[in-house]
Student: 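Before we start, here is the structure in question, set down as structure tokens.
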Amino acid sequence: GEALKHALGIIDIEQQKVDGNDTYFPIVLGCPWSSLSTITSPALGEFGHGQISSGATSIALSNPNRYPHFYRTIPSDALQAQGIIEFAKEFNWTKLSVIYVNDAYGVYLS
């Protein structure tokens with residue numbers, strides 16, 4: 001709901017003609033990886049295009065000041081991290097080891 005609402009908000013139906021062409025794509029189906037989306041989303045935004053991703057889940061991409069033109073179809077890692085915490089609580093685990101990739105996905109999930 002919210003992603004669609006914001007995506008539609010950046011589209012001005014009256015100004016879809018660019019350089020005399022009736023075809024304009026204001027939203028680009030972007031990278032499915034967080035590490036790439038942190039690069040492509042700002043670049044697309046500079047040209048007035050939004051990016052929607054089906055797999056980029058980094059919490060960093062939820063920052064509307066850094067990524068105002070980024071949208072996703074799945075929740076961020078904040079929900080996944082909360083699930084891991086609840087799972088550990090269920091089994092009364094007090095210590096966990098985390099192995100992660102040092103990129104936009106792994107750092108924020110850990």
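Small disclaimer: the values here were computed from a predicted structure and weren't measured.
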Student: Ignoring hydrogens, what is the shortest heavy-atom contact between Gly50 and Tyr71? Give both atom names and the distance.
Tutor: CA-CE1, 4.5 Å
Student: Show, in sequence, the C-alpha distance, side-chain angles and deciding distance for Ile74 and Ser54, and conclude whether the side-chain contact (heavy atoms from CB on, under 4.5 Å) test is met.
Tutor: CA-CA 6 Å; Ile74 58 173; Ser54 61; 5.8 Å; no
Student: Examine Ile85 and Leu96 and state if one hydrophobic cluster contains both, with Ile, Leu, Val, Met, Phe, Trp and Tyr joined whenever side-chain heavy atoms are less than 4.5 Å apart.
Tutor: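 No: no chain of side-chain contacts under 4.5 Å links Ile85 to Leu96.
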Student: Measuring from Arg72:CZ to Thr57:OG1, what's the distance to the nearest 0.5 Å?
Tutor: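 The distance works out to 7.0 Å.
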Student: Report the distance from atom OG of Ser58 to atom CH2 of Trp33, rounding to the nearest 0.5 Å.
Tutor: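 Ser58 atom OG to Trp33 atom CH2 measures 15.5 Å (nearest 0.5 Å).
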Student: Working to the nearest 0.5 Å, report the span between CG of Leu36 and OG of Ser53.
Tutor: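 Output value for this atom pair is 9.5 Å.
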Student: Determine whether a donor-acceptor pair (N or O, by modelled atom type, separation under 3.5 Å) exists between the side chain of Thr38 and the backbone of Ser35.
Tutor: yes
Student: To the nearest 0.5 Å, what is the distance between CD1 (Ile59) and CG (Asp77)?
Tutor: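 Rounded to the nearest 0.5 Å, the CD1-CG separation comes out at 5.5 Å.
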Student: Once rounded to the nearest 0.5 Å, what's the spacing between atom CZ of Phe70 and atom OG of Ser62?
Tutor: 8.0 Å
Student: Tell me the closest heavy-atom pair linking His49 and His69, and the distance in Å.
Tutor: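 Closest pair (atom of His49, atom of His69, distance): O-CB, 3.8 Å.
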Student: When you compare the side chain of Leu29 with that of Ile52, does any pair of heavy atoms fall below 4.5 Å?
Tutor: yes
Student: Please list all pairs passing the side-chain hydrogen bond (donor to acceptor under 3.5 Å, both in side chains) test where one or both residues lie in residues 82-94, with sequence neighbours left out.
Tutor: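 Residue pairs with at least one partner in residues 82-94: Gln82-Glu86.
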Student: With a 4.5 Å heavy-atom cut-off, do Gln51 and Thr40 have their side chains touching?
Tutor: yes
Student: Between atom CD1 of Ile39 and atom OG of Ser34, what is the distance when rounded to the nearest 0.5 Å?
Tutor: 11.5 Å
